[in-house]
J.: 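One structure follows; several queries about it will come next.
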Amino acid sequence: VNRIIIQRGVWGLLLWPYILTVSMPLDCKEEPGSLTRCPSISQEKLLDRVIHHAELIYRVSEESCSLFEEMFIPLPLRLQSNQAGFACITKTLPIPSSKSEIEQMSDKWLLHSVLMLVQSWIEPLVYLQTTLDHYDHAPEMLVNKTKWVSEKLVSLEQGVVALIKKMLDEGTFTTTYNEQGLFQYDTLPDMLESVMRDYTLLSCFKKDAHKMETFLKLLKCRQADKYNCA
């Protein structure tokens with residue numbers, strides 16, 4: 001097991017600079033001062049950039065969750081992580097989860113659902129960065145990955161906002177949920193519960209990151225072939 005963990009760590013260190021390099025920016029540098037509108041970037045190109053960001057975020061979230069498991073979570077505790085008391089913070093958001101419901105979502109609701117998920121995770125990931133600093137022997141790679149995802153999530157938010165304005169021609173919009181209360185900074189009684197909550201955050205974020213990627217790719221498919229996307 002230790003050999004496997006070491007091998008994964010070595011590959012992670014080798015690939016990590018590559019992931020940072022291939023990540024395309026969403027800051028619309030072609031048009032200075034137009035961060036959220038991106039008028040000089042075509043809708044198709046912007047959607048491709050947003051999808052690329054979502055793919056990388058999901059990939060790194062998988063790696064972070066696996067690394068956290070290997071370092072801090074014994075197998076019996078992994079099986080308990082989805083029990084009562086460790087529910088995902090986005091569980092109350094009005095976002096479908098079944099395949100049939102997702103296929104029936106409009107393009108507008110797909111985009112707004114992605115935006116809701118992105119915005120709901122920005123604050124918890126910042127919190128997670130601070131808690132990892134209190135861990136003994138927390139791998140630097142895990143800390144760096146969490147920080148990278150947190151920063152890229154803000155960039156993804158900007159890209160989705162720009163995409164909404166381009167595709168839906170919405171100059172202003174509001175989300176339909178209350179960000180306050182989704183995530184609470186409760187004082188935890190012991191380290192074990194703190195570790196389990198952090199593990200739940202990583203696990204839930206991984207699921208939601210996959211959902212973001214799925215929604216965006218479904219949207220992309222509809223642009224090419226509206227009647228054959230599943």
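Because the structure is a prediction, the values reported are computed rather than measured. Values reported hereafter were calculated over all heavy atoms of this structure, with side chains retained and with hydrogens, waters and symmetry mates removed.
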J.: Tell me every residue that passes side-chain contact (heavy atoms from CB on, under 4.5 Å) with Glu101, counting only those two or more places apart in sequence or in another chain.
T.: Pro96, Ser98

J.: Quick one: pull up NZ in Lys91 and CG in Asp208 and give me the separation to the nearest 0.5 Å.
T.: 13.0 Å

J.: In this structure, are over 12 heavy atoms from other groups packed under 6.0 Å from Lys147 atom NZ?
T.: no

J.: Any side-chain heavy atom of Tyr127 within less than 4.5 Å of one from Leu201?
T.: yes

J.: Between CD of Glu63 and CG of Leu142, what distance do you get to the nearest 0.5 Å?
T.: 11.0 Å

J.: Indicate the atoms forming the closest heavy-atom contact of Ser64 with Lys145, along with that distance.
T.: OG-CB, 3.3 Å

J.: Could you pull out the closest heavy-atom pair between Ile89 and Pro124, with the gap in Å?
T.: CD1-CG, 3.4 Å

J.: More than 12 heavy atoms of other residues, nucleotides or ligands under 6.0 Å from CD of Glu44: is that the case?
T.: no

J.: So which atom in His137 and which in Phe72 form the shortest heavy-atom distance, rounded to 0.1 Å?
T.: O-CZ, 4.4 Å

J.: Taking the side chain as C-beta and beyond, is there a heavy-atom pair between Leu115 and Glu157 under 4.5 Å?
T.: yes

J.: If you measure from CG on Leu219 to OG on Ser113, what distance do you get to the nearest 0.5 Å?
T.: 11.0 Å

J.: Given side chain to side chain contact (heavy atoms under 4.5 Å, CB included), test Lys45 with Arg49 step by step and report yes or no.
T.: CA-CA 6 Å; Lys45 184 177 180 181; Arg49 287 190 180 188; 3.5 Å; yes

J.: Which heavy-atom pair separates Asp198 from Phe68 by the least distance, and what is that distance?
T.: CB-CZ, 4.0 Å

J.: Check Ile102 against Ser97 and note the closest heavy-atom contact, atom names and distance.
T.: CD1-O, 3.7 Å

J.: Given side chain to side chain contact (heavy atoms under 4.5 Å, CB included), test Val195 with Tyr135 step by step and report yes or no.
T.: CA-CA 9 Å; Val195 168; Tyr135 280 60; 3.7 Å; yes

J.: Does Val60 form a side chain to side chain contact (heavy atoms under 4.5 Å, CB included) with Lys152? I'd like the steps, not just the answer.
T.: CA-CA 11 Å; Val60 177; Lys152 289 302 175 186; over 6 Å; no

J.: Evaluate side chain to side chain contact (heavy atoms under 4.5 Å, CB included) for Leu47 paired with Ile51, printing each intermediate quantity in order.
T.: CA-CA 6 Å; Leu47 179 55; Ile51 290 174; 4.0 Å; yes

J.: Are Lys211 and Leu117 side-chain neighbours, meaning at least one heavy-atom pair lies under 4.5 Å?
T.: yes

J.: Does the side chain of Tyr58 pick up a donor-acceptor pair with the side chain of Glu62 at under 3.5 Å?
T.: yes

J.: Please tell me if the side chains of Lys220 and Leu216 come closer than 4.5 Å, counting only heavy atoms from C-beta onward.
T.: no

J.: Kindly indicate whether the side chain of Glu213, heavy atoms from C-beta on, has any atom under 4.5 Å from the side chain of Ile57.
T.: no

J.: How many angstroms lie between atom OG1 of Thr146 and atom CD of Gln129, to the nearest 0.5 angstrom?
T.: 7.0 Å

J.: A side-chain contact here means heavy atoms from C-beta on lying under 4.5 Å apart; do Lys166 and Leu46 qualify?
T.: yes

J.: Taking the side chain as C-beta and beyond, is there a heavy-atom pair between Met212 and Val160 under 4.5 Å?
T.: no

J.: Just verifying a value: how many Å separate Glu70 CD and Cys65 SG, rounded to the nearest 0.5 Å?
T.: 10.0 Å

J.: Grab the two heavy atoms, one from Leu153 and one from Val118, that are nearest each other, plus how far apart they are.
T.: O-CG1, 3.5 Å

J.: Any chance you could measure Asp133, atom CG, to Leu128, atom CG, to the nearest 0.5 Å?
T.: 10.0 Å

J.: Using a 4.5 Å cut-off on heavy atoms from C-beta on, say whether the side chain of Thr90 contacts that of Lys207.
T.: no

